[in-house]
Amino acid sequence: MAVQIDVLDPRQHSEPPYWEALRIRAGLRADWSYELLRIAAWCSPVPLLLTVLRDSAEAVGLICASWTGVPAHHGKYVAPRGRPWLGALYVESPGTSAVPGWWFAERLSLTERTELCWDYLHGMRRELGPRCRGVVWRHAAAADLPVLRGKRRGLLRSTSSIAVLPLAWPTPEQWLASLSRSRRNDLRRQRRHVDADPDLSVCVGPGGDLDPGQVARLLRANEAKYADRHAGLPITTSMVTALLGRDDVVTVRYIDHAGRLLGFGAVLDHPTAPVSRHWAGVAVEHGGRRHLYFDMYLRVIEWAMQTGRKEINFGRAKLDIKRDLGCELQSRYSVAVPCW
Amino acid sequence: MRGRTALGLRFSEKRWLAAYRRVIRQVFRTVPFYRERWALVSRDPVLADEVQRRRHDLVPLAGGAFAVNPYRGLGPVVSLTGRLSAGALLAVVTDLPPIGPVPGLAARTRLRCLPPAGFPANPFDRRFIRTAELISRLASGERVAVLGPEIELDRLVDVASAAATPSLLPLYSAREQVPAHTQPGAVLRDWLLGYLGAFCDCGRWHLDWRRVYAADTEHGVAFTILPQASPRLVDVLLAPGLRMRVERCAEHGTPVLAPVAGNT
């Protein structure tokens, strides 16, 4: 297989005509839309590079990587022509750490995928020069490891697991019945509490009518609570605007009758496996409501069952809670492959 | 253009522009609003209303104040008027006292807030001064300057005796009609950008150019606050249709705002 490599920097390159069709074919979610990639690239601390691997005219691979290295410019956006003196490509999904940042065509065998990873490593080395010293494949499943490690084997490190809820139950009630009694009773009580609040309206659906500034403020306040663990830059209003304007992003919002957004959740939709991406709620001491976090899980699971999804990916945080909700914890790994 | 001015300031067009460009580079790397807008939307100046709506995005990534300081630039702009000598009392007609010290005021200047008509001052708040106390201080020969809207100053002059009138610094809003000519000592302010400049004895609106950069654009004059760390205010159009242009003062060589035909 003679592979050709196209490297795109969304800050400088306009959207290729085939991009949207390729994104849908690859089953990639809204965060891979070129509009969102462009915003992510401009509002990132390091350069974001997209690579399309093509076998003659057909795209057989798609990889998104952050070119990270030294010097690190903490708390700053990447300079217009900025690139590290020495660094590595961190391959990760642009919008969420719950899914990997690469796609290979289904028709490829394991050997061909391994070759593709090798071609990517060397292609990027040629493209970026000796400043690029390797590739770190992040959030890889155990099944991906032989493909990613390749001939050089690479360095392997276990990272935080992800929680995936297989929707094996036909109704939310049957799913609730499968949980432990205390968790089930808690969830039902919390739902009653939210439903009984006369000053609260709950809506699940597209978020085009929400004020992006209000949502961005809420999400940032939530990020600030985890500032020690959250090393990235804050979500931008334009990113929120673009997300809310999409049909394949489903929101769960809790709004009081004065119009104040008290809780907000967003799901990156997918025909079979949506990803629950964002959650933020106003603290109770600042006028927020109790139990919205757990209620959000119920609403998302109900929505996913009603729309025939096969599973929901709830990401990496608060794994104990997610296990109590019936999620499977799937191991994830980072693989660093050096390049000399 | 360089020149030693009667204002005691040394102005260089090149340095002024360089300071503005430094701010541009900084905010593009560190302030979400300008990053998004300039990279993804447009490099055009932005309307003050839009800036106000997106105030949470004007704080640099490293953090900083969210609220606009309504006293920003007061000291240097009042100094520009030349109406406030060291040790004088400056009364600002406002119901919003300063939270902390106001930098840039002449040595030993005491700052007090004079509540506007209809607003009762808190008698226990030492940041406020009442009209009666102000008049008695004037009568005792104290040097007093009062900064406020013309209507409030007129009201004060009516109750003060002719022998004891304070220095008057009329306040104009930069979003409204800016007169081409007014009495020297008048001050130009915007509630978002702060104090911008003063009407000097040469008969022109002088910008506080050390702190404020202004440039003519096709949409009007765009203002940039140079030293303010947060929130960052860059290329702000105060009001659409506000017709002014930036010129050089023939007498002092420093930047002045000249209202163009249409403003009286």
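All values reported here derive from a predicted model rather than from experimental measurement. All values below come from the heavy atoms of this structure, side chains included, with hydrogens, waters and symmetry mates left out.
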*asked:* Please classify the contact between V31(B) and chain A as side chain, backbone, both or neither, with a heavy-atom cut-off of under 4.5 Å.
replied: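 The backbone, not the side chain.
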_Side chain / backbone / both / neither for F28(B) at chain A, heavy atoms under 4.5 Å_ =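 For F28(B), heavy atoms of backbone and side chain both lie under 4.5 Å from chain A.
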*Above 12 or not: heavy atoms from other molecules or residues under 6.0 Å from CG of L86(A)?*
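Result for CG/L86(A): enclosed.
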Inter-chain polar pairs, chain B versus chain A: which donor-acceptor atoms lie under 3.5 Å apart?
| residue | atom | partner | partner atom | Å |
| --- | --- | --- | --- | --- |
| R29(B) | O | Y77(A) | N | 2.7 |
| R29(B) | NE | Y77(A) | O | 2.4 |
| R29(B) | NH2 | Y77(A) | O | 3.1 |
| R35(B) | NE | W42(A) | O | 2.6 |
| R35(B) | NH1 | V78(A) | O | 3.1 |
| R35(B) | NH2 | W42(A) | O | 2.9 |
| R35(B) | NH2 | V78(A) | O | 2.6 |
| E36(B) | OE1 | S238(A) | N | 2.8 |
| E36(B) | OE1 | S238(A) | OG | 2.8 |
| E36(B) | OE2 | T237(A) | N | 3.3 |
| H56(B) | ND1 | R217(A) | NH1 | 2.9 |
| D57(B) | OD1 | R220(A) | NH1 | 2.8 |
| D57(B) | OD1 | R220(A) | NH2 | 2.5 |
| D57(B) | OD1 | T237(A) | OG1 | 3.4 |
| D57(B) | OD2 | T237(A) | OG1 | 2.5 |

